[in-house]
Amino acid sequence: MSLKNEIPILTIDGPSGVGKGTIAKIIAQKTKWNLLDSGAIYRIFAFLIDSNNINIKDLPALEKIAKNINIKFVAKKNSDLVDIYLDNNDISSAIRNEKIGILASKIAVIPEIRKYLLIIQKNFIKEPGLVADGRDMGTTVFPNAKFKIFLTATETIRANRRLKQLQKQNIKSIISDVLKGIKERDERDYSRKHSPLKQAQDALIVDTTDLTINEVVAKVMKIIEF
Ligand code: C5P
């Protein structure tokens, strides 16, 4: 068995706004494991396509971008956010808006893009462990992960959580738009042909609707025996 197979991985999948990123960041801090926010990778890709005016059908151009992406996640102190660096530039606020989120979910249906981004995501496996959050972490990217969790919550709760998060980043939004965006993305993420949002067969479902962040974290820490 290669060393990479022995590194513990916790996958946290679930729909938009369920709190995956917040929980993943806290768990990564507590365990000192590495963090992979896979949604940010799709968002960065969407951002690059948008800002360079690239046609999403231009596969050679997309592959070139994917091969040169250099991403780093840095946990922010006293906040549930993570700073996202592209080539040493902080692009966190440029990618955390609903426009880029929706574009990310549109490009995420393209199988070639998923293939390019798969390699980037697998490179995040490093000692002493990895916490990976997204939509297909437990099913496609890390099917052999030791620990798998699937978070759920009602649409209304998720829209409210996302709204609060956007407000913290001073991004102006209204609840009806956020709810509409969440529904639209859920629909696309659940129904796409390649690597749809799905609970891995061996994942544990945690319904977070009536749970606080600390309660979810406690459950997850118990699951990974920390
Ligand atoms: O998690 P976040 O909202 O940042 O993800 C943005 C979009 O990227 C999602 O709506 C989804 O379409 C796509 N995505 C994906 N697979 C992942 C993570 C994100 O398709 N593992």
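Remember, it's 1-based here, ligands and their atoms both numbered in the order they're listed. What you see is a predicted model; the values in this text were computed from it and never measured. The first residue of the sequence shown is numbered 1, and numbering continues consecutively from there.
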Chemist: Starting from atom 7 (C) of ligand 1, find the nearest protein heavy-atom neighbour and note its residue, name and distance.
Modeler: Ala104 CB, 3.8 Å

Chemist: Considering only NZ, NE, NH1 and NH2 on the basic side and carboxylate oxygens on the acidic side, decide whether Lys148 and Asp13 come within less than 4.0 Å.
Modeler: no

Chemist: How far is atom 3 (O) of ligand 1 from its nearest protein heavy atom, and which residue and atom name does that atom have?
Modeler: Arg185 NH1, 2.7 Å

Chemist: Are any of the side-chain heavy atoms of Lys106 and Ile102 separated by less than 4.5 Å?
Modeler: yes

Chemist: I want to know if ligand 1 touches Lys20 in the polar sense, i.e. an N/O pair below 3.5 angstrom.
Modeler: no

Chemist: For atom 18 (C) of ligand 1, what is the closest protein heavy atom, and at what distance to 0.1 Å?
Modeler: Ser38 OG, 3.4 Å

Chemist: Show the atoms of ligand 1 that are less than 4.0 angstrom away from any heavy atom in Ser105.
Modeler: 10 (O), 12 (O)

Chemist: Give the atom numbers and elements of ligand 1 that come within less than 4.0 Å of a heavy atom of Met137.
Modeler: 21 (N)

Chemist: Check ligand 1 against Asp189 and write out every atom of the ligand that is under 4.0 Å from a heavy-atom position of the residue.
Modeler: 9 (C), 10 (O), 11 (C), 12 (O)

Chemist: If we only count N/O pairs under 3.5 Å, is Tyr42 in contact with ligand 1?
Modeler: no

Chemist: Which atoms from ligand 1 have a heavy atom of Arg192 less than 4.0 Å away?
Modeler: 12 (O), 15 (C), 16 (N), 20 (O)

Chemist: Does Arg43 come within less than 4.0 Å of Asp37, counting only side-chain N to carboxylate O?
Modeler: no

Chemist: Quick test: of every protein heavy atom, which one is nearest to atom 4 (O) of ligand 1, and how far off is it to 0.1 Å?
Modeler: Arg43 NE, 2.6 Å

Chemist: Looking at residues at least two apart in the chain, or sitting in another chain, which of them share a side chain to side chain donor-acceptor pair (under 3.5 Å) with Thr208?
Modeler: Arg161

Chemist: Apply the test side chain to side chain donor-acceptor pair (under 3.5 Å) to residues Arg188 and Ser105: give CA-CA distance (whole Å), side-chain angles for both, the deciding distance (0.1 Å), then the verdict.
Modeler: CA-CA 7 Å; Arg188 214 177 283 121; Ser105 83; 2.4 Å; yes

Chemist: Distance to 0.1 Å, residue and atom name: give those for the protein heavy atom nearest to atom 19 (C) of ligand 1.
Modeler: Gly39 CA, 3.5 Å

Chemist: Which option, Arg96, Arg188, Arg114, His194, owns the non-hydrogen atom nearest atom 15 (C) of ligand 1?
Modeler: Arg114

Chemist: Between Arg162, Arg158, Arg135, which is the residue that forms a salt bridge (Lys or Arg N to Asp or Glu O under 4.0 Å) with Asp186?
Modeler: Arg158

Chemist: Out of Thr212, Asn214, Val220, which one pairs with Val216 under the side-chain contact (heavy atoms from CB on, under 4.5 Å) rule?
Modeler: Val220

Chemist: Considering non-hydrogen atoms of the protein only, which is the closest contact for atom 1 (O) of ligand 1, and what is the distance?
Modeler: Arg135 NH1, 2.9 Å

Chemist: Among protein heavy atoms, which sits nearest to atom 13 (C) of ligand 1, and what does the distance come to when rounded to 0.1 Å?
Modeler: Ala108 CB, 3.9 Å

Chemist: So does Asp133 get a backbone contact from the side chain of Ser38, meaning a donor-acceptor N/O pair under 3.5 Å?
Modeler: yes

Chemist: Please work out which of the three classes, parallel, tilted or perpendicular, describes the rings of Trp33 and Phe147, given edges at 30° and 60°.
Modeler: parallel

